[in-house]
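This report concerns only the one structure given below.
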Amino acid sequence: MDSNKPFNQQCYDLLRQIPKGKVVTYADIAHQLGGKAYQAVGNAMANNPDVIVVPCHRVVNSNGAIGKYALGTEKKIALLQEEGIELDTEKNKVLNLDKQRHTFL
DNA sequence: CAGTTGACTGTTA
DNA sequence: GTAACAGCCAACT
């Protein structure tokens, strides 16, 4: 395992594994890392070390809300729509979250 | 080492 | 459906 790397680094690795047109929740990432560090995951994104290397825009809240984005929530929405993800631009939420949610195998 | 922070989640009302 | 409270973890100060 990557227990050698810091927690936030593991989050970035997982984010990079997300294919285009898919999204994940903070809880899923934290749970995949073997814990409930949803806050820690958000903290890693908040640090936003590499917006180019890590597709932070593919991460959404468990309730389907898009949440925030370093470059701006509006930018995040635009990117998600570009990827083919259906969103509710009226409420900034993800549609069919369960269907578009990516699972780490 | 203790306290604060944060792009959060889940439960209860 | 929304609101409020409590719990949680890692990193920073």
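Because only heavy atoms are used, hydrogens play no part in the values below, and waters and symmetry mates are left out as well, while side chains stay in. Quick caveat: nothing in here was measured; it's all calculated off a predicted structure. We name chains A, B, ... by the order of the sequence lines, and we start the count at 1 in each one.
- An OP1 or OP2 oxygen of dG10(B) is reached within less than 4.0 angstrom by a side-chain nitrogen or oxygen of S62(A).
- In this entry dC1(B) has no Watson-Crick or G-U wobble partner, no candidate having both defining distances under 3.5 Å.
- For H31(A) and dG10(B), the NE2 to C1' distance is 13 Å, given to the nearest whole Å.
- Across the protein-nucleic acid pair, L79(A) atom CG and dA7(B) atom P stand 19 Å apart, rounded to whole Å.
- Computed from coordinates, the N47(A) CG to dT5(B) P distance equals 16 Å when rounded to whole Å.
- Using a 4.5 Å cut-off on side-chain heavy atoms (C-beta onward), Q32(A) and D28(A) make no contact.
- The two residues I29(A) and V59(A) come nearest to each other via the heavy atoms CD1-CG1, 4.1 Å.
- Between N61(A) atom CG and dG10(B) atom C1' the separation is 13 Å, expressed in whole Å.
- If you check every strand for non-hydrogen atoms under 4.0 Å, F7(A) touches sugar and phosphate atoms only.
- Protein atom OH of Y26(A) is 8 Å distant from nucleotide atom C1' of dC8(B), rounded to whole Å.
- Hydrophobic cluster membership is shared by M45(A) and L33(A), with clusters built from Ile, Leu, Val, Met, Phe, Trp and Tyr side chains linked at under 4.5 angstrom.
- Atom pair L14(A):CG and dA7(B):P shows a separation of 21 Å (rounding to whole Å applied).
- As judged by a 4.0 angstrom heavy-atom cut-off over every strand, A37(A) is placed among residues touching the sugar-phosphate backbone only.
- Regarding K36(A), its NZ atom lies at a distance of 13 Å from the C1' atom of dT11(B), rounded to whole Å.
- For Q100(A) against G84(A), the heavy-atom pair with the smallest separation is OE1-O, 4.2 Å.
- Of all the heavy atoms in V53(A) and R16(A), the pair that sits closest is O-CG, 3.2 Å.
- Nucleotides of DNA chain C lying under 4.0 Å from heavy atoms of chain A occupy a range whose first and last members, 5' to 3', are dG7(C) to dA11(C).
- Between E83(A) and K22(A) there is no salt bridge, since no side-chain N of the basic residue sits under 4.0 Å from a carboxylate O of the acidic one.
- E82(A) CD: 12 or fewer foreign heavy atoms inside a 6.0 Å radius.
- Both A40(A) and K93(A) lie near DNA chain C, and the one whose nearest nucleotide falls closer to the 5' end is K93(A).
- Nucleotide dT9(B) holds its P atom 14 Å from the CG atom of N43(A), rounded to whole Å.
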